[in-house]
Amino acid sequence: MKLVFWLLDINPKVDEDTFELWLWGIDSEGNRVLLVERNFAAYFYVVLHGGANPDVVIQEIMESYAVEVAKTEVVSRRFFGKPVTAIKVTCKNPTKTAQVAKELRKLNGVSDCLEDDIRAAMRYLIDNGVVPCGWHEAEVAEEPNTQKVRVYGVFSLLSSPKPLDNPNVPRLRTLAFSMVCYSHEGTPKPDRNPTVLISTVASNGEEHQFVADKNNNDKQLLNDFNAYIKKFDPDVIVNYGGNATDWTYLKSRSHKHNLKLDFDRAGFEPHTSVYGHVSVTGIVNVDVADFSDMFPEVKVKTLANFAEHLGVGAAGSGVVEDVLVAEYWDNPKKRPELERFSLESARRVYGVGELLVDFAMQMAGLTSLPLDHVMTAATGFRVDWYLVKLAQKIGELVPRRLEQQYISYTGGLVLSPKPGLHDNIAVLDFKSMYPNIMITYNISPDTYIEPDQPDPEGGSYKAPEVGYRFRKTPPGFYKEALTYLINIRGELRQKMLALNPKTVEYRILDARQKAVKILTNAIYGYAGWVGARWYIKPVAEAASAWGRHIILTASQLAQQAGLGVVYGDTDSLFINYDKAKVDQLQKDIKVELKLDVEIGEVYKRIFFTEAKKRYAGLRQDGTLDVVGLEVIRGDWAEVAKQVQEHVLEIILKEQTHKNAVSYVHSVVSDLRHRKLPLDSLIIWKTLTKPPEQYAVRAPHVEAAKLLLEKGWRLGSGDKVGYVVVAGKGALNRRVKPHVFAKLDEIDVDYYVTNQVLPAAARILEFFNVTQKDLEKTTKEEKTKSLSEYF
DNA sequence: GCATACGGAGTACCA
DNA sequence: ACTGGTACTCCGTATGCG
């Protein structure tokens, strides 16, 4: 019979003598189904040395390895663009490809074995064009549910599924949860601290809270939570931090009570798998924390901040800091607040999931990485898999990831800004500069010509400065990848124009074009990543060399056209806006450099200091665009950022600093009188390694150590929020984690001298007001309070 | 013995 | 755990002065 299904997840199922691939899906009637593939044959390639005779090598393979090898076949492939003869070796046991390949590498005539490092599930998806989060049709036979998996029906696949062109997503059952663990000794540890509260929000509208008993025993809670998931039977479980914390914690707690956390669709427990994601058989586990890198505007990546940024949940509703959880739990008056926070957290998780899972599904489809780990995988690995798919299509063998030394190279060119205020400045941007350079000059690992090789018949492109050459023909691997991505995005955006943005279809297309854009823009970076399967250093080097040449040439063309260049960075030029001249310049650039430039923002007025990568512009609509300055940095106190932003607004709008100076005075006065909330004084910094590994006693590290002393676990990647308190000694001995600090112990002078005034003076210096001037006047003047100022 | 200068460590930004 | 270019603070020691 034929079965139409949408692919939710795939996992290998290995028993002693059987190897199956389990494809979890939803059929066109909305039933949850399991399709079992028993005909998967794993293989790898044996690449031969130049003169080697494939038949001789095959004979040797069959003599020594007949036990493991099911089949051999001589095939023609390419490797880094060059034709190679290879032997496709199919293994009897799919779990042993890497092992057999390792042995065969030792044979005479064999230069290498390739693709033995591609996991069975990925091999299957890529070879058959089966797509995670996509619809398929397959010939199947229903079979008894001997494994007692919790689905509507089990089917064996009689042929590999064929992808269908249907962008729709079936109605999924989604469950979000958030947990609270009880500890007086810092970070909760599963061997000693119970989970006292779990809140859930489900796509059917149900909300639940599972609560530990009077003695804080969590046995019943865990049992009920597990049973509830089984009963609701979600397709997708959403959480925040589940990969790093929640699942192992809950599993550990369950085991402590001799319970199993076996809610999945096959009776297994959650387990950590590739890229560090937690896999739940038959269900997609999505950790929305994995999306946080997509939003650099959110500096402190808590669930509440993240949700607020996305407009999810009740804005400004109370947050209970980790440090206070135990206190709230113990206090009957405060516990309801913690309970509300927990439920609100589950709602936030659910809401964030609703907004972002569309994107993840599209990224899964593009890369073939299943939904449960496509967002856990780093950008480089997503590009890797996208390219593996393309390689399979064009017969290019997939290189292994090699351990090799990294040597950095020269990147983009940054022009020095002309300090001060400028009126009417246009930003000229090269559209997708690196992708287009790579397409135009056919820069790719398979078109690179080694320095000792002659130019090929079709000729070559030679990169400026570095001199690397690339074949003009045929089109390289990257050119094909990029052209396809750019075209598909164009088509998607075209289709979107005809749709109402409120429709589901529009939303899906928008998610897809975003995924395509992100992948496109990552390919240049990937090319320069030493871990890339197709890493060839000159590829990235040549692209950036062309980039520098292009921006420099464009800058010269602008000046020749009589357009002053006030700044430029990598792929942008800031020039005086004279419409006729700029239009002409655009055309000249296209002719001269073969690349499109577009006019981006046209600022009414813009302000530069002497520093590169830092400026503030006044847009046509009167809003401010601040770039690089303290205003948009996460490691300055809010009070300093606000002061600088307002100073910028005044000087950009009024073109004089007079009011800015009195404004600074008023804030300093408020600060000295402690009229500002403690929150505005927190400085957040990230730990980039374990605290004990630091060479110097940096303030945030000292603050982290104070938290560690109280049992809070902090490590690489964690943000530390601290304030500076009054007292004796060096700054790094006067820091306090913000959760322990009170407003009246703050070192006000530090905030005036090292936060507010430097941020203000950075701008005001160009109006001949130095920090010293500000210091003097703030001390002398009887200043107005902030409220009077407004 | 103390203030200041300066290089290195550390972080976060722009493209 | 995709790239390089850049600004900036703070630490900690070297340096200079008295």
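Residue numbers begin at 1 in each chain, while the letters A, B, ... track the order of the sequences.
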[X] vs [N]: side-chain N/O to OP1/OP2 distance below 4.0 Å:
| X | N | value |
| --- | --- | --- |
| A/Lys641 | B/dA12 | no |
| A/Thr686 | B/dA12 | yes |
| A/His700 | B/dT11 | yes |

Students often get this wrong, so: under 4.0 angstrom with heavy atoms, is [X] touching a base, only sugar-phosphate, or nothing?
| X | answer |
| --- | --- |
| A/Gly531 | nothing |
| A/Tyr694 | sugar-phosphate |
| A/Lys719 | sugar-phosphate |
| A/Gly525 | base |
| A/Tyr409 | sugar-phosphate |
| A/Tyr535 | nothing |
| A/Val383 | nothing |
| A/Ser544 | nothing |

[X] [atom1] - [N] [atom2] separation (whole Å):
| X | N | atom1 | atom2 | value |
| --- | --- | --- | --- | --- |
| A/Phe430 | B/dC14 | CZ | P | 21 Å |
| A/Tyr524 | B/dC14 | OH | P | 18 Å |
| A/Glu297 | B/dC13 | CD | C1' | 13 Å |
| A/Leu415 | C/dT6 | CG | P | 10 Å |
| A/Glu702 | B/dG10 | CD | P | 12 Å |
| A/Asp384 | C/dT3 | CG | P | 13 Å |
| A/Met438 | C/dT3 | CE | C1' | 11 Å |
| A/Arg533 | C/dA1 | CZ | P | 17 Å |

To the nearest 0.5 angstrom, please state how far the CZ atom of A/Arg697 sits from the NE2 atom of A/His700.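 Those atoms lie 14.0 Å apart.
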Go through the side-chain N and O atoms of [X] and [Y] and say whether any donor and acceptor fall under 3.5 Å apart.
| X | Y | value |
| --- | --- | --- |
| A/His277 | A/Asp372 | yes |
| A/Lys389 | A/Ser368 | yes |
| A/Asn442 | A/Thr447 | no |
| A/Asp635 | A/Trp684 | no |

Measure from the side chain of A/Ala522, starting at C-beta and using heavy atoms only, and say which of B/dC14, B/dG10, C/dC2 lies closest.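 When the side chain of A/Ala522 is considered, C/dC2 is the closest of B/dC14, B/dG10, C/dC2.
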Would a line drawn from the ring center of A/Tyr615 to the ring center of A/Tyr567 be shorter than 6.0 Å?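 Centroid separation for A/Tyr615 and A/Tyr567: below 6.0 Å.
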Determine, using ring centers only, whether A/Trp529 and A/Tyr535 are less than 6.0 Å apart.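 Distance test on ring centres: not under 6.0 Å, no.
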Partners meeting side-chain contact (heavy atoms from CB on, under 4.5 Å) with A/Asp596 (sequence neighbours left out):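 Result, side-chain contact (heavy atoms from CB on, under 4.5 Å) vs A/Asp596: A/Lys431, A/Lys590.
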Output one letter per nucleotide in nucleotides 7-14 of chain C: B when a protein non-hydrogen atom lies under 4.0 Å from the base, S when only the sugar-phosphate is that close, - when neither is. SSSSSS--
